[in-house]
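Sequence positions, counted from 1, serve as the residue numbers for this chain.
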Amino acid sequence: MNDPRVDVWESNKFVARMQAASAKPVIYRLDYASGHGIGSTADANKDWAADIAAFVLEVTRVDTGNGTAGAAP
């Protein structure tokens, strides 16, 4: 959002094309308060790490066969 060299719609279109081209999930994280990570606060870095961890857990969770996801029995 804060990069004057690239309009935000360009990122949105890129992610849409990535999602259309792949059956696998695509993460798109837009942070309105930061730029390219230089000078990021510790809290921003923790938020980024939490989002990545949540995405990985969501993508890799095991279907137990009873309609709910979770650890394999």
Side-chain angles (χ1 to χ4, degrees):
M1 288 299 298
N2 296 320
D3 189 344
R5 299 166 293 180
V6 179
D7 290 322
V8 69
W9 62 265
E10 292 181 36
S11 299
N12 295 343
K13 284 180 68 173
F14 175 74
V15 171
R17 287 181 181 165
M18 293 288 292
Q19 290 172 332
S22 176
K24 296 182 180 180
V26 175
I27 187 170
Y28 178 45
R29 187 175 190 279
L30 181 63
D31 189 347
Y32 291 96
S34 68
H36 291 282
I38 299 173
S40 294
T41 65
D43 284 340
N45 289 335
K46 289 176 190 174
D47 290 344
W48 176 83
D51 286 347
I52 297 299
F55 176 76
V56 169
L57 288 172
E58 176 69 23
V59 171
T60 61
R61 67 182 172 173
V62 176
D63 186 358
T64 59
N66 62 1
T68 61

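- Going from atom CG of Asn12 over to atom CG of Asp7 covers 10.5 Å, rounded to the nearest 0.5 Å.
- Phe55 and Tyr28 fall into different hydrophobic clusters, where Ile, Leu, Val, Met, Phe, Trp and Tyr are joined by side-chain heavy atoms under 4.5 Å apart, directly or via other members.
- In the hydrophobic clustering of ILVMFWY residues, with side-chain heavy atoms under 4.5 Å counting as a link, Val26 and Val8 come out together.
- With hydrophobic clusters built from ILVMFWY side chains whose heavy atoms lie under 4.5 angstrom apart, Trp9 does not share a cluster with Leu30.
- Smallest separation of non-hydrogen atoms from Val56 and Thr60: O-OG1, 2.7 Å.
- The minimum heavy-atom distance between Ile27 and Ile52, with the atom names listed, is CD1-CD1, 4.1 Å.
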